[in-house]
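Residue numbers start from 1 in every chain, and the chains themselves are labelled A, B, ... in the order their sequence lines are given, proteins ahead of strands.
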Amino acid sequence: MLRSYVPILVLIAFVVANAILMLGVSHVFSNYRRTAVKIAPYESGIPVLGDARERFSVKFYLVAMLFIVFDIEGVFMIPWAVAFQQLKGITGLLLIEMIVFIAILAAGYVYVWKRGAFQWD
Amino acid sequence: MTPELKGFLLLAVLKMLVVFTVVLVGVAMLTLMERKVSAWMQNRRGPNRVGWAGLLQPAADGVKNIVKEETFPAEANTVLFILAPAMMFIPALCLAAVIPWAAPLPVNFDWNLPLIGYVSHHGPMSMAVADLPIGFLFVLAVSSLSVYGIAIAGWSSNSKYSLLGGLRSSAQMISYEVAMGMSLVPVLLLTGNSTFTEVIRAQQQGIWFSASLTLSFFVFLVAGLAETNRLPFDLPEAESELIAGYHTEYSAMKFSLFMIGEYANMITVSAMLATLFFGGWDLPGRWDEGGTGLATLLTGVAMFLKTFFFLFFFMWIRWSLPRFRYDQLMALGWKFLIPLALTYILVVCVAVWGIENVAGITSPKVRGLILFGLNVVACYVVFFILDRGRLLSGSYRRQAPAGVRG
């Protein structure tokens, strides 16, 4: 069983080597004429105002947190879905389990929606 | 090491080299195809100077990107700035490894090779580089890694456009990943196994999942477009607002790596769509049991055509739909696709349970047809009663302007 993962490891090593090779070849062949204007961050041609290390909207953090919550729900569903066909004897029980699970999830979802977490402005 | 293990590894390395080369050449050809299809849809010629009908254009672009000057923005975080393209490139190219590209090919040999020694292989060889038992969990896990490349690229460039592009892109990708993961649960429900081979077999026994799980297919298609940052979801690099989004500051081969990563992701999503919902390499007739070279060839061509269709579809949609506004994009992901996918899981599991235990039907074909009928009803309810065509007409707005009815 574990044997089938070996090609993946080989592939990852191969792809990493390729990425390094491509960046390296480009580094060797390119020439450098650095000027102050060239290495300035691009801001459509106007002089640069400050830098980009500023605070950004808290909405992005909120999306990340919601993602973790809902993605973990998805992770719980996947083994359940695989087991549904294999455990023939107790499909009724599995069905009720999932209905309860999704009902709880839906309650949380409605709560988050009503609190305006999905409202983007 | 036993001769069998050596043979297995030898074949794996060979398959890996072939798939890697095909994906890289495919990416090069896709960049040309993108420009040719765009030109065709806009009634112009597209690239036609380098080689016959522009066929050598990707090679010319590649050479240009290798010898072009690399720029490092003055205030960028150099290590992360160099690392980011590689972090986009690596997961994208690892993904193609788990997809079975054709029917298994029987390979039998007993060789005594210099340096390696005795190698042997008997029986059918899977046409995926690695036929993992966790099949598409691997795809879901690894495809989400490319978020790191984009987020790091956006942040480390220390440019405002890059930062905005990176933030938008990561928020968009993680939002649609939830819907994507949930849209795959019904597929697992019907298959009972998470390997791609079993998904294809389940479709051979029943009917293609695009018919029996149409709404899953729809959610996966939309989420796939969003995951690959294609129009109408290309806000991360909306060129009229953000210049080039997270790769504004990149040039030369580093820029190329981002492009390769994006197009390789497109190939993977298309191949996933073909495998999960259109039977993969499945052809009418039981080609996998014949187990001949011809069967592998024909099924490989079938898989190629299906994947190619979706690649074309992505380009087609690019010139057919306008870009979403960011709040529309988030609303579509969180307020439409996720509840749709969740409800659909419930509908499918109740239906599967009912078909088996109440109606007592065990034939996968009949079950597929019943689910297809259910899907026709569900699609009508979702698109024409609940949504009233708003999604399709693109007017998914939060505040209607005065005088226009939303």
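Note on B:Ala86, B:Cys349, B:Ala97, B:Ala252: by heavy-atom pairs under 4.5 Å with chain A, the leading option is B:Cys349. Between chain A and the residues B:Val129, B:Val178, B:Ile174, the largest count of heavy-atom pairs under 4.5 Å involves B:Ile174. Put simply, of B:Val67, B:Leu132, B:Leu93, B:Leu137, the one with the most heavy-atom pairs under 4.5 Å next to chain A is B:Leu132. Taking A:Val16, A:Val28, A:Val75 one by one and counting their heavy-atom pairs under 4.5 Å with chain B, the maximum is reached by A:Val16. The candidate with the highest count of non-hydrogen atom pairs below 4.5 Å against chain A, out of B:Leu257, B:Thr71, B:Val348, is B:Leu257. If you tally non-hydrogen atom pairs under 4.5 Å between each of B:Glu356, B:Met182, B:Glu70 and chain A, the highest count goes to B:Glu70. Options B:Val98, B:Val187, B:Leu190 differ in how many heavy-atom pairs under 4.5 Å they form with chain A, and the most are formed by B:Leu190.
With a 4.5 Å cut-off on side-chain heavy atoms, B:Pro133 and A:Tyr5 count as touching. Residues A:Pro7 and B:Met16 are not in side-chain contact: their nearest non-hydrogen atoms beyond the backbone lie 4.5 Å or more apart. Taking the side chain as every heavy atom from C-beta outward, B:Leu188 and B:Ser194 approach each other to under 4.5 Å. Looking at heavy atoms from C-beta onward, B:Tyr246 lies out of side-chain contact with B:Ser157 at the 4.5 angstrom threshold. Contact check for B:Leu329 versus B:Tyr176: side-chain heavy atoms found under the 4.5 Å cut-off. B:Leu189 places a side-chain heavy atom less than 4.5 Å from the side chain of A:Trp80.
With a 4.5 Å cut-off on non-hydrogen atoms, A:Val6 touches chain B through its side chain but not through its backbone. The contact between B:Asn158 and chain A is made by backbone and side chain atoms together, counting heavy-atom distances below 4.5 Å. Looking at B:Val350, the atoms closer than 4.5 Å to chain A (heavy atoms on both sides) sit in the backbone and in the side chain alike. Using a 4.5 Å cut-off between heavy atoms, B:Leu9 touches chain A through its side chain atoms alone. Contacts of B:Lys68 with chain A are made by backbone atoms alone, with heavy-atom separations under 4.5 Å and no side-chain atom involved. Contacts between B:Pro339 and chain A at a heavy-atom distance below 4.5 Å involve backbone atoms as well as side-chain atoms. Residue B:Glu177 touches chain A through both its backbone and its side chain, counting heavy-atom pairs closer than 4.5 Å. In this structure, chain A has a heavy atom under 4.5 Å from the backbone of B:Ser156, while its side chain stays farther away. Using a 4.5 Å cut-off between heavy atoms, B:Phe20 touches chain A through its side chain atoms alone. Only the side chain of B:Leu24 has a heavy atom closer than 4.5 Å to any heavy atom of chain A. Interface residue B:Leu167: backbone and side-chain heavy atoms are both found under 4.5 Å from chain A. Contacts of B:Ile66 with chain A are made by both backbone and side-chain atoms, with heavy-atom separations under 4.5 Å. Proximity to chain A is limited to the side chain of B:Glu249, based on heavy atoms less than 4.5 angstrom apart.
Taken from CG in B:Leu145 to CD1 in B:Ile90, the straight-line distance is 10.0 Å, to the nearest 0.5 Å.
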Contacts table for residues 91-111 of chain A: side-chain donor-acceptor under 3.5 angstrom, sequence neighbours left out:
residue	atom	partner	partner atom	Å
A:Thr91	OG1	A:Lys88	O	3.3
A:Thr91	OG1	B:Asn357	ND2	3.3
A:Tyr109	OH	B:Trp334	O	2.3
A:Tyr111	OH	A:Arg115	NH1	2.9

Cut-off 3.5 Å, no hydrogens considered: what does the side-chain donor-acceptor table look like for residues 61-71 of chain A, sequence neighbours left out?
none

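Annotation for B:Ala171 and B:Ser175: closest pair O-OG, 2.7 Å, computed over non-hydrogen atoms.
At distances below 3.5 Å, not a single donor-acceptor pair connects side-chain atoms of B:Tyr161 with backbone N or O atoms of B:Thr248.
The cationic atom of B:Lys254 (NZ for Lys, CZ for Arg) does not lie both less than 6.0 Å from the six-membered ring centre of B:Phe81 and within 45° of the ring axis.
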